[in-house]
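When a residue number appears, it is its place in the shown sequence, counting from 1. A quick note: this is a predicted structure, and the numbers were derived from the prediction, not measured.
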Amino acid sequence: MNVSVVLFTSDLRVHDHPPLRAALGRGNEVVPLFVRDPAVARAGHPAPNRDAFLADCLIALDAGLRERGGRLVVRSGDPVDEVCAVVKEADADDVHMAAGCSGFARRREDRLRRALEADGRRLYVHDAVVTALPTGAVTPDGSDHYAVFTPYFRRWSRERLREPLAAPRVVRTPGKVRSEDLPARADVPSVSEGLAAGGEKEGRGLLTAWLARGADSYEEGHDDLAGDATSHLSPYLHFGAVSAAEVVHRARSRGGAGAEAFVRQLCWRDFHHQVLAARPDAAAGDYRTRHDRWRRGKEADADLRAWREGRTGYPVVDAAMRQLAHEGWMHNRGRLLTASFLTKTLYIDWREGARHFMELLVDGDLANNQLNWQWMAGTGTDSRPNRVLNPVIQGKRYDPDGAYVRRWVPELAGLEGPAVHEPWKLTGLDRARYDYPDPVVELADGLARFRHARGRD
């Protein structure tokens, strides 16, 4: 009897799962395996929100496998050691897994391949499981990756994506392979109060509902902070509870300007993954250095603390930061303006912001988080690296009546309309009624400091 192991990583689903289907095609029995790697926690990103969401996803994956006669095996430890131990316990012939894009993921694949081959076993790594299109599938002349989004999107749009795979009807798992207990959300401390529920069933239900009711308004409304017209699928895509390829197919089948705009945003995800695959050092270093001498010292530390706590004195910035703390998620427009404010108005290192986001974001994806931060800091792939988003203008444009600010900054709830974006214009007793800080910096001063630092004055 042939046995295969399927190592689940960022692909926690049974629908449209090429490694699982390939393993079932080769063997009579399959061991679905997830390894809790302590190296992830040691990497410096404590992430209770992702730990809780992961627990949901693993419980849902186990339930999906049990519906088909199988079960999920969970182990803790070094992934290579644990996979090799499971291979021996099950007397498996081979291991299947999804391709990763980070340097960490690729080193793990290389180590696992060497260990398995030394024991006469094989590792099969499957592309287009985490992303819609494999990283490196399309490249421009003379380079190993696209550094500009628009030409990448044009090329990506012409490529034919693989067809989504149905979930298997039957999964047989050998009973002799031991498993740890599944983790539970309730066991994770310090989880954001408004964190969404994870898992494949939740993700697929959200996708179906959003395509039916939200896609048509996406093009016009996706930047509306209060309207919140985005799909909220990013955590499910990050953990692979829904398939990126399937989401693209279903959005294209839905059709319309909103669905097309949504597919373009999904392409950004693939774009960042192919950049990181080609330049893994961009996870921690500047993709394109601007030779910044970021602010440090007590004043910078105080500004960073105010930014983290949502107490900068700029209401739309503070609203977005408080949404992040409460939900473990932030509207994309909020991510852009809070990142611009930290790196350009406050002139603080983008890595400080990226670290804070990674600690809280349930969808904290290394490629998307780090490269979006670099985009806004002007050290990434943005062709206009010195653009600065003005939080007052942004607030009035994307939260024109102030509903988003009043939702997340309740101490300003008494200020009606767009006046909520400029509480410092109040004077005397009118200002004293609001327990809200003055701005940490004048916007003109922050802009002048940034332009001087970049040699633009």
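Residues W375 and H272 keep their aromatic ring centres 6.0 Å or farther apart. You'll find the ring centres of W408 and H326 inside the 6.0 Å limit. The aromatic ring centres of H222 and F262 sit 6.0 Å or more apart. For an aromatic pair to be called close, the ring centres must be under 6.0 Å apart, and F271 with W156 fails this. When ring centroids are compared, Y236 and F53 come within the 6.0 Å threshold.
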> Could you walk me through whether D144 and T139 pass the side chain to side chain donor-acceptor pair (under 3.5 Å) check?
Replying inline: CA-CA 6 Å; D144 57 357; T139 56; over 6 Å; no

>> Does T230 form a side chain to side chain contact (heavy atoms under 4.5 Å, CB included) with Q265? I'd like the steps, not just the answer.
In response: CA-CA 10 Å; T230 63; Q265 292 302 312; over 6 Å; no

> Which is it for T173 and L65 under the side chain to side chain contact (heavy atoms under 4.5 Å, CB included) test, yes or no, and what are the steps along the way?
Replying inline: CA-CA 9 Å; T173 301; L65 291 166; over 6 Å; no

> Can you list the steps and then say if Y218 with W210 is a side chain to side chain contact (heavy atoms under 4.5 Å, CB included)?
Replying inline: CA-CA 10 Å; Y218 182 78; W210 186 79; 3.4 Å; yes

>> The test is side chain to side chain donor-acceptor pair (under 3.5 Å); show your working for S234 and W329 and say whether it passes.
In response: CA-CA 9 Å; S234 55; W329 184 90; 3.3 Å; yes

> Is there a side chain to side chain donor-acceptor pair (under 3.5 Å) between R250 and T208 once you walk through the steps?
Replying inline: CA-CA 9 Å; R250 291 183 63 179; T208 297; 2.8 Å; yes

> Step by step, would you call R26 with D93 a side chain to side chain contact (heavy atoms under 4.5 Å, CB included)?
Replying inline: CA-CA 10 Å; R26 292 182 59 84; D93 303 292; over 6 Å; no

>> Using side chain to side chain donor-acceptor pair (under 3.5 Å), reason through Q374 and T379 one step at a time and then give a plain yes or no.
In response: CA-CA 5 Å; Q374 293 221 48; T379 62; 2.7 Å; yes

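A heavy-atom distance below 4.5 Å is not found between the side chains of V14 and E67. Counting only heavy atoms from C-beta outward, the side chains of W294 and E352 never approach each other to under 4.5 Å. In this structure the side chain of M97 never reaches within 4.5 angstrom of the side chain of P19, judged on heavy atoms. Inter-residue side-chain proximity for L389 and F341 is flagged as unmet; no heavy-atom pair is nearer than 4.5 Å. Contact annotation: the side chain of R335 never approaches that of N369 to less than 4.5 Å [non-hydrogen atoms, C-beta and beyond]. In this structure, Y398 and L336 have side chains that are not in contact, with every pair of non-hydrogen atoms separated by 4.5 Å or more. T381 has its side chain out of reach of L371: every pair of non-hydrogen atoms, C-beta onward, lies at least 4.5 Å apart. The closest side-chain heavy-atom distance from R108 to T9 is below 4.5 Å.
With R121 contributing its side chain and A92 its backbone, the two residues share a donor-acceptor pair below 3.5 Å. D270 places a side-chain N or O within donor-acceptor distance of the main-chain N or O of A132, the cut-off being under 3.5 Å. Although no hydrogens or angles enter the test, the distance criterion places no donor-acceptor pair under 3.5 Å between the side chain of D56 and the main chain of G199. Checked by atom type and distance alone, the side chain of D91 never pairs as donor or acceptor with a backbone atom of V3 at under 3.5 Å. Of the possible polar contacts, one joining the K344 side chain to the M376 backbone as a donor-acceptor pair under 3.5 Å is found. Looking at S143, its side chain does come within 3.5 Å of a backbone N or O of H145 through a donor-acceptor pair. Without hydrogens or angle criteria, R36 side chain to V74 main chain gives no donor-acceptor distance under 3.5 Å. A side-chain donor-acceptor contact under 3.5 Å links E180 to the backbone of S76. Of the possible polar contacts, none joining the D94 side chain to the R122 backbone as a donor-acceptor pair under 3.5 Å is found. Using a distance-only test at 3.5 Å, with no hydrogens or angles considered, no donor-acceptor pair links the side chain of D62 to the main chain of R71.
One distance of note links OG of S231 with CG of L237; it measures 7.0 Å at 0.5 Å rounding. To the nearest 0.5 Å, atoms CZ (R154) and CZ (F149) are separated by 10.5 Å. One finds the CG atom of D399 at 11.5 Å from the CD atom of Q394 (value rounded to the nearest 0.5 Å). A distance of 9.5 Å separates CG of L133 from CG of D127, quoted to the nearest 0.5 Å. One finds the CG atom of L7 at 8.0 Å from the CG atom of D11 (value rounded to the nearest 0.5 Å). With rounding to the nearest 0.5 angstrom, the CZ atom of R185 is 11.0 Å from the CG atom of L54.
Heavy-atom neighbours of D281 CG from other residues, nucleotides or ligands within 6.0 Å: above the threshold of 12. For R407, the CZ atom counts as densely surrounded, since its 6.0 Å shell holds more than 12 non-hydrogen atoms of other residues, nucleotides or ligands. Around CZ of R172, the count of heavy atoms belonging to other residues, nucleotides or ligands within 6.0 Å does not exceed 12. Within a 6.0 Å radius of CD in E159, more than 12 heavy atoms belonging to other residues, nucleotides or ligands are found.
A pairwise comparison of heavy atoms in I348 and L304 identifies CD1-N, 3.9 Å as the closest pair. Nearest approach of C57 to F239, heavy atoms of both residues: SG-CB, 4.0 Å. When all heavy atoms of L276 and A283 are compared, the pair lying nearest together is CD1-N, 3.8 Å. Considering every non-hydrogen atom in both G353 and W307, the closest pair reads CA-CH2, 3.8 Å.
Salt bridge present: D78 and R111 bring a charged side-chain N and a carboxylate O closer than 4.0 Å. Taking 4.0 Å as the cut-off between side-chain N and carboxylate O, D224 and R333 do not count as a salt-bridged pair. A salt bridge does not link E359 with R308: every distance from a Lys NZ or Arg NE/NH1/NH2 to an Asp or Glu carboxylate oxygen is 4.0 Å or more. Electrostatic pairing of D110 and R113 counts as a salt bridge here, judged by a charged N lying under 4.0 Å from a carboxylate O.
In this structure H238 satisfies the side chain to side chain donor-acceptor pair (under 3.5 Å) test together with D365, sequence neighbours excluded. Applying the side chain to side chain donor-acceptor pair (under 3.5 Å) test to R269 and every residue at least two apart in sequence or in another chain returns nothing. Scored by the side chain to side chain donor-acceptor pair (under 3.5 Å) test, R387 finds D382 as partners (sequence neighbours excluded).
When each of L12, L24, V6 is tested with H17 by the rule side chain to side chain contact (heavy atoms under 4.5 Å, CB included), just one qualifies, namely V6. With E246 as the fixed residue, the side chain to side chain donor-acceptor pair (under 3.5 Å) test singles out one of R162, H15, R204: R204.
With Y287 as the aromatic partner, R279 does not meet the cation-pi criteria of under 6.0 angstrom to the ring centre and within 45 degrees of the ring axis.
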